[in-house]
Number of protein chains: 2
Amino acid sequence: MADQSKSPKVDSTLSKGLAILERLAASRSGKGVTELSRELDLTKSNTFRLLQTLTTLGYVRRLDNRSYAATLKTWQIGRNLVEHLDLREMAGPELTYLSKQTGEAIYLAVPEDLAIVYIDKIDSRKPIRSWNTVGGSAPIHCVGTGKAILAANYSRMRDKLVGNLTRHTDRTLTNIEALDADIAATQSRGYALDRGEYREHILSFGAAVTLPDGVAVAALGISLPEINLAEGDAGRIGALVREAAARVSEKLLRG
Amino acid sequence: MADQSKSPKVDSTLSKGLAILERLAASRSGKGVTELSRELDLTKSNTFRLLQTLTTLGYVRRLDNRSYAATLKTWQIGRNLVEHLDLREMAGPELTYLSKQTGEAIYLAVPEDLAIVYIDKIDSRKPIRSWNTVGGSAPIHCVGTGKAILAANYSRMRDKLVGNLTRHTDRTLTNIEALDADIAATQSRGYALDRGEYREHILSFGAAVTLPDGVAVAALGISLPEINLAEGDAGRIGALVREAAARVSEKLLRG
DNA sequence: CCCATCCGTTTCATATATCAGAACATTTGT
DNA sequence: ACAAATGTTCTGATATATGAAACGGATGGG
C-alpha cells in the first residue's frame with residue numbers, strides 16, 4: 001500500500017475495518033465480499049475476516065447469504081456524540097468575542113420542543129438588567145435565537161407551530177403567514193431579528209449553529225434594549241452574530 | 001444481546017479501536033490515554049497507538065495535550081445510513097398528526113436484532129418526562145412498537161425469542177405461550193398494546209409500517225402514563241396508530 | 001523547593017494479523 | 001446441465017500490532 005510519509009503510524013486493521021464500515025454505511029443496500037474487496041483494494045480473505053469481526057461486534061449484519069450491510073449501531077454512537085456535544089466549550093470563545101464587540105448580553109441557546117433553553121450567557125456590560133438566566137427558556141417563535149433555529153429547519157417545524165404562536169407583546173408574530181415571511185427574511189439575511197416580539201422594547205439577534213447536514217443544534221444570540229441600538233447598527237450586529245455562529249459550526253466539525 | 005453461541009475470530013485491533021471510539025462518543029468531554037486504557041482494560045501503549053490511528057483517520061481529535069475526544073465523523077457516517085432510509089421523512093407528518101390527536105409521546109422505531117431503535121420522536125405535550133431518546137433502544141417483546149413489528153413477522157422471529165424474554169416489570173410476558181397469545185391478539189386488532197410490560201405504569205401502543213410483501217420495516221408508537229388513559233380510550237388510540245401506520249406503509253410504495 | 005506521582009510518549013522483543021494463492025462450496029445465469 | 005460468478009476456508013511466509021518497561025514532562029503536596 002502507498003502510505004503517506006507524513007502520517008506514519010496507522011494500524012491497518014483498524015483503518016481497513018473503518019473503511020469497510022464507511023462503505024457499507026454509504027450504500028443503500030448491502031455489498032458483497034468481492035465487491036468490497038475490489039473497491040477498497042483488499043484481498044477477499046481479509047475483507048471477509050473484517051466483515052466477520054464487524055458482524056460479531058454488531059456493526060454489520062448479513063442480509064441474505066450474499067451481502068452485508070451496516071446496522072444502526074454506527075448511527076447510535078454518532079447520535080450519542082451529538083447529544084453529548086459540549087457546545088458551551090466550543091462556543092465559549094465566540095461568546096466572549098461577541099461580548100467584547102458589542103458589550104451587550106450574549107446567549108447560547110439550544111432547541112427544546114417549541115422553545116429554546118439558554119445554556120450559557122455573558123451579561124451585558126452596560127448597566128441594564130437581563131431577564132434570561134442560564135437554564136431559562138423562551139418561546140421559539142419570538143426570540144432571535146429561536147427564530148434562527150426555526151429558519152434552519154423550517155420545513156420540519158412549521159406545522160408544529162400552527163396554533164401555537166402565543167402572543168407576548170403587540171409585535172409578536174401570531175399568524176403563520178407573518179412568521180413565514182419573517183423566516184424567509186431570516187434565511188436570506190443569515191441571522192434572525194426580533195424587534196420586541198417577546199419583551200417590550202428588547203431587541204434580539206440570533207444565528208444558528210448547524211451540523212453539516214443543516215440541522216440546527218444551537219444558536220448564538222445578542223439581546224439589547226431598543227434604545228441602545230444606533231441607527232444602522234442592526235446590520236453590523238447581525239453580521240457579527242452570523243459569522244460567530246458560522247465559526248462555531250465549523251469548529252464542531254474540525255475541533 | 002445474547003448472540004454469542006459461537007466465538008468467531010475477531011480482529012482485536014478493530015475490536016479495540018471501535019471500543020475506544022464508542023467510549024469517546026459516550027463521554028461528554030475528552031478522555032485521556034490512561035483513563036481509557038483502564039476502562040477498557042488495555043495497555044497504555046496500545047490505547048495510545050489506537051488513538052493515534054483514529055486521529056489520523058479523522059475519527060478522533062486531541063483536545064489539549066492530555067485528552068482525546070471523538071469528532072463528528074462517526075455521526076456523519078451514521079447519518080448516511082438513516083438518510084438512505086427516508087422513513088423519517090415519510091412518517092414525519094403522521095407523527096405530527098398523532099401528537100396533535102393525543103398530546104402524548106410519539107415514536108418512530110425500527111427493528112434491530114431483538115430490540116427496536118427509536119429513530120424519531122415527538123415529545124409529549126403534557127408535563128411528563130419521557131425516558132426514550134432518539135437513538136435509544138428497547139427490547140422488542142415488551143413495548144408497543146416492538147410487538148407490532150413482531151406481529152408482522154412472527155413466524156420468522158418467534159424462535160429467536162425463546163429463552164430471551166427478559167423480565168423488566170411484573171407484567172412482562174416472559175413465557176413464549178403468553179407472547180403467542182398476545183401476538184395473536186395484536187394481529188387481529190391491528191395494533192399492539194403494552195400494559196406496563198417494560199416500564200411500570202407506562203402504557204404503549206404500536207403499529208407496524210410494512211412493505212408490500214408484509215415485512216415490517218418500522219413501527220409507530222404512542223407512549224403514555226397509565227393514569228392518562230381514560231376508560232375506553234385504548235380502542236381510540238389503537239385505531240389512531242394503526243391507521244397512521246397504514247398511511248405510512250402506503251406512502252412507502254408511491255414514494 | 002524538592003520529591004513523589006501522575007500522565008503521555010517511545011522503544012523493542014514477541015505475539016498476532018495479513019497476504020497471496022489456491023481449493024472448495026454454493027449460487028446464478030444461459 | 002454447465003459455466004461463471006460469489007462466499008468461505010486453508011496454508012505458511014511475511015508484515016504488523018502488542019505488552020512491559022522505561023523516558024521525560026507536568027502537577028501538586030509537604
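Proteins get letters first, then strands, A, B, ... in listed order; numbering begins at 1 in each. Scope of the values below: all heavy atoms of this structure, side chains included, with no hydrogens, waters or symmetry mates. The structure displayed is predicted, hence computed values, not measured ones.
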Specify the separation, in whole Å, of atom CZ of B:Arg62 and atom P of C:dG8.
9 Å
Length of the line joining B:Leu50:CG and D:dT16:C1', which is rounded to integer Å
13 Å
Return the minimal non-hydrogen interatomic distance between B:Gln76 and A:Pro212, and the atom names on each side.
NE2-CG, 3.7 Å
Report the C-alpha separation of A:Thr71 and A:Arg61 in whole Å, then their side-chain angles, then the decisive distance to 0.1 Å, and conclude whether the side chain to side chain donor-acceptor pair (under 3.5 Å) test is met.
CA-CA 6 Å; A:Thr71 68; A:Arg61 68 166 185 278; 5.7 Å; no
Only one of A:Leu211, A:Thr74, A:Ile77, A:Asn80 passes side-chain contact (heavy atoms from CB on, under 4.5 Å) with B:Trp75, and that residue is A:Leu211
Spacing between B:Gln52 atom CD and D:dT18 atom P, to the nearest angstrom
12 Å
Of the non-hydrogen atoms in A:Val110 and A:Val217, which two are nearest, and what is the gap between them?
CG1-O, 3.5 Å
Here's one to test your reading of the geometry: is the NZ or CZ of B:Arg189 within 45 degrees of the ring axis of B:Phe205 and under 6.0 Å from its centre?
no
Check whether A:Ser249 reaches the backbone of A:Val209 with its side chain - one donor and one acceptor, N or O, closer than 3.5 Å.
no
Should B:Asp194 and B:Lys147 be marked as a salt bridge (charged side-chain N to carboxylate O under 4.0 Å, His left out) after you check the CA-CA gap, both sets of side-chain angles, and the distance that decides it?
CA-CA 8 Å; B:Asp194 136 42; B:Lys147 293 201 292 184; 5.8 Å; no
Check: A:Met90 main-chain N/O paired with A:Lys251 side-chain donor or acceptor under 3.5 Å
yes
If I compare all heavy atoms of A:Val215 with all of A:Asn153, which pair ends up nearest, and what's the gap?
CA-OD1, 3.7 Å
Which atoms of nucleotides 15-17 of chain C (N or O only) lie under 3.5 Å from a protein N or O atom, and what are those distances?
{"residue": "C:dA17", "atom": "O3'", "partner": "A:Thr13", "partner atom": "OG1", "Å": "3.1"}

Please list, for nucleotides 28-30 of chain C, all pairs of protein and nucleotide N/O atoms separated by less than 3.5 Å.
none

If the cut-off is 4.0 Å, is B:Thr34 near the phosphate of C:dG8, judged by side-chain N/O to OP1 or OP2?
yes
Output the rounded distance in Å from CG (B:Leu36) to P (C:dC7).
12 Å
Verify the contact: side-chain N or O of B:Tyr68 to OP1 or OP2 of C:dT9, cut-off strictly under 4.0 Å; return yes or no.
yes
Verify the contact: side-chain N or O of B:Lys16 to OP1 or OP2 of D:dG19, cut-off strictly under 4.0 Å; return yes or no.
yes
Measure the distance from NZ on A:Lys31 to P on D:dG7 and round it to the nearest whole Å.
12 Å
Can you tell me if the side-chain N/O atoms of A:Arg38 get under 4.0 Å from OP1 or OP2 in D:dT6?
yes
Regarding C:dG8, can its base be found pairing with the side chain of B:Lys44 as donor and acceptor, where the two atoms are less than 3.5 Å apart?
yes
If each end axis of the helix from C:dC1-D:dG30 to C:dT30-D:dA1 is fitted on five C1' pair positions, the angle between them, to 10 degrees, is 50°
Is there a salt bridge (charged side-chain N to carboxylate O under 4.0 Å, His left out) between B:Lys73 and A:Glu22? Walk through the geometry before answering.
CA-CA 10 Å; B:Lys73 185 162 181 177; A:Glu22 281 188 45; 3.7 Å; yes
So is B:Lys121 actually on top of B:Tyr107's ring, under 6.0 Å and inside 45° of the axis?
no
To the nearest 0.5 Å, what is the distance between NZ on A:Lys100 and CD1 on A:Ile106?
12.0 Å
Could you state the CD-C1' distance from B:Glu35 to C:dT5, rounded to the nearest angstrom?
17 Å
Nearest-angstrom distance from the residue atom CG of B:Leu42 to P of C:dC7:
16 Å
Just the rounded figure in Å: distance from P of C:dG8 to CD1 of B:Ile20.
12 Å
